[in-house]
Structure formats: C-alpha cells, structure tokens
**Student:** 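Shown below is the structure under consideration.
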Amino acid sequence: MDAVDAAAALRMACAAAAGERPPMYTVAINPEKVMRARREPSLRPVLEGAGLRVPDGVGVVLASRLRGGRVRERVTGIDLMLAVAEEAARRGWPVYLLGAAPGVAERAADALVRRFPGLRVAGTGDGYFRGRDAEVCERVRRSGARVLFLALGSPAQEYWLSAHLAETGCRLGMGVGGSFDVLAGRTARAPAWMRRLGLEWLHRLLREPARYRRMLVLPVFLLLALAERRPAASRP
Ligand code: UDP
C-alpha cells in the first residue's frame, strides 16, 4: 500500500493535483478488488498502475496486520474525496464529477459546493456513456478540470482511469465508487459508531443483501494474507 494513513494519502493526491508529481489515478483497495485481480489478469496492471492505492475497508487493514505490514487504519474513498475537494476549494483547482445515474453527479456537486464554498465545479456527467469515451474525454478536457472524480463502480472505474485519464487532461483521477450516491443523499453512509468499529461492510450488506456474494471473498482473502505472512525478522 502506498499510503498507510489518511494524511499521507491526501499529501500524495494533492501533489499530483498541484502538478508537483506526474498525473495519476487513485484506487481504493479492498478484498474484492485484490481477489478479482487474482483471477482477472488484465486487472492487475490497472491496480498496479495507480499512483496511489489506499486501504479502503477493514479487510485490508486486517490482512496487513496478519502479514506484518504497516497499514493501521482505513482510508475510505469518500473521506479522501472530501479531503481532496476541500483542498481543491482552497487552492482553486476545478473538479469534474463523472458517474452514477443521470442527475446524481449534479446533486453531488451541489452538496460539495455547499460543504466547501468556493469549490469550482468544471462540469458533471452521468456514468452511462459506454462507447462514447472519446467524446466524454474531450468534454472533460475542454472544461479545464484538474481533478476528476469518477464513480462508475469497480472495477469499471479503475479500467477507465487507467485507459483514459491522460486524454482528459486531469492531473488527478480518483475512483470513488458509490460516493456520488451518498453525497446526493440517495444512499446513507453507515452511522458513525459502525464506522468506528470498522463495520461499514455490515451496514452495506444489510442494505444490499445481494452483495453477500461479493463479500464471500473476505475469508479467502484473509487466509491468503496469513499464508503469505512475512517472517517477523524481515518486518520493518
Ligand atoms: N454506475 C455508473 N455506470 C455504470 C454502472 C454503474 O455510473 O455503467 C454507477 C452507479 O450508478 C453507482 C456507482 O456506479 O453510482 C457504483 O457504486 P457502487 O457503490 O456499487 O460501487 P462499487 O462498490 O462497485 O465500487
């Protein structure tokens, strides 16, 4: 994991947005993505090509502990997005919100501007544009956006950022999953007490029971982490 805490993740993301390091995209790493990359060879270079991978979810934190790694806290995609939006408002970086159902990105943008007055929204668009990638990239490029928040779900957003970020002209692309739906008030985040206990996944499971299949990978993921455990002597 590149950034082991929220402050480091924000520093790296902002350095890209500011042009102090090459343009890059971020990926929120969770057990589902790691396991999928194991069976889908084309996904691996996409995750590895990210300039920043953040530990999104308690599963990744647990796995890091099992392996003797350094990750100690979650950095959820939506929290990093909010922190970047706050910095964008402060530093005048135009942002583009692309993804989710028609109308949702606009409402998410309004919510962001209410929260961070002065934030410049260069443009918005829904996430149902299959086959029109070139046109969408051109629209983002012409908007002058510096930061692209992309909410297409995973791993579609990761594939898209890896293939098209350069064409959009944005310096920072962030895959933010269902965050627009949360900001627009379409779906609720887990209550604070559940977040503190690392139970965001349980909240999601209760709300969308059909996701249980995706979550079945967690025990396997943790067992693999245990199997790949580094000997104590080689740990930092
Ligand atoms: N979505 C989209 N285009 C698509 C499929 C999905 O914009 O072709 C959006 C969908 O409306 C939702 C988000 O992608 O806002 C998926 O959110 P989810 O929380 O399911 O993301 P995941 O957990 O898969 O990363």
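Atoms within each ligand, like the ligands themselves, are counted from 1 in listed order.
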**Student:** Using heavy-atom distances only, which candidate in Ala184, Ala151, Ala105 approaches atom 9 (C) of ligand 1 most closely?
**Tutor:** Ala151
**Student:** Output the list of atoms in ligand 1 that are nearer than 4.0 Å to some heavy atom of Ala101, sorted by atom number.
**Tutor:** 11 (O)
**Student:** Are Asp79 and Arg189 ion-paired here, with the side-chain N under 4.0 Å from a carboxylate O?
**Tutor:**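 Judged by the 4.0 Å cut-off on N to carboxylate O distance, Asp79 and Arg189 do form a salt bridge.
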**Student:** Salt bridge check: are Arg142 and Glu138 linked by an N-O gap of less than 4.0 Å?
**Tutor:** yes
**Student:** More than 12 non-hydrogen atoms from neighbouring residues, nucleotides or ligands closer than 6.0 Å to CZ on Arg91, yes or no?
**Tutor:** yes
**Student:** Backbone, side chain, both or neither: what part of Ala100 comes under 4.0 angstrom of ligand 1, heavy atoms only?
**Tutor:** both
**Student:** For ligand 1, is there an atom lying under 4.0 Å from some heavy atom of Phe180?
**Tutor:**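 Per 4.0 Å heavy-atom rule, Phe180 does not contact ligand 1.
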**Student:** Assert yes or no for the condition that the ring centre distance of Trp160 to Phe129 is strictly below 6.0 Å.
**Tutor:** yes
**Student:** For atom 23 (O) of ligand 1, grab the closest protein heavy atom and report residue, atom and distance to one decimal in Å.
**Tutor:** Arg211 NH2, 2.9 Å
**Student:** Of all the non-hydrogen atoms in the protein, which one sits nearest to atom 14 (O) of ligand 1, and at what distance?
**Tutor:**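 Looking at atom 14 (O) of ligand 1, the protein heavy atom closest to it is Leu152 C, 3.1 Å.
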**Student:** What's the shortest distance from atom 22 (P) of ligand 1 to any protein heavy atom, and which residue and atom give it?
**Tutor:** Ser154 N, 3.7 Å
**Student:** In plain terms, say whether Arg36 and Glu32 are close enough for a salt bridge, that is, a side-chain N and a carboxylate O under 4.0 Å apart.
**Tutor:** no
**Student:** Would you please determine whether Arg204 falls within less than 4.0 Å of ligand 1 on a heavy-atom basis?
**Tutor:**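 Arg204: in contact with ligand 1 (<4.0 Å).
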**Student:** How far is atom 3 (N) of ligand 1 from the closest protein heavy atom, and which atom is that?
**Tutor:** Gly127 O, 2.8 Å
**Student:** I'd like to know if Glu158 pairs up with Lys33 as an ion pair, taking the criterion as any Lys NZ or Arg NE/NH1/NH2 lying under 4.0 Å from an Asp or Glu carboxylate oxygen.
**Tutor:**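 Looking at Glu158 and Lys33, the cut-off is met.
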**Student:** Is there a nitrogen or oxygen of Tyr128 sitting under 3.5 Å from a nitrogen or oxygen of ligand 1?
**Tutor:** yes
**Student:** Report yes if some N/O of Gly153 lies less than 3.5 Å from some N/O of ligand 1; otherwise report no.
**Tutor:**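 Such a contact does occur with ligand 1.
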**Student:** For the CZ atom on Arg44, are there more than 12 heavy atoms of other groups (residues, nucleotides or ligands in this structure) within a distance under 6.0 Å?
**Tutor:**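 Not buried by this count: 12 neighbours or fewer within 6.0 Å.
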**Student:** Which of the numbered atoms in ligand 1 are under 4.0 angstrom from any heavy atom belonging to Gly178?
**Tutor:** 17 (O), 18 (P), 19 (O), 21 (O)
**Student:** If you measure from each non-hydrogen atom of Asp181 to ligand 1, which part falls under 4.0 Å: side chain, backbone, both or neither?
**Tutor:** side chain
**Student:** For the residue pair Met81 and Phe180, establish whether any side-chain heavy-atom pair is separated by less than 4.5 Å.
**Tutor:**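 They are in side-chain contact.
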**Student:** Pairing donors with acceptors under 3.5 angstrom, does anything connect the side chains of Ser42 and Tyr159?
**Tutor:**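 Yes - a donor-acceptor pair under 3.5 Å links their side chains.
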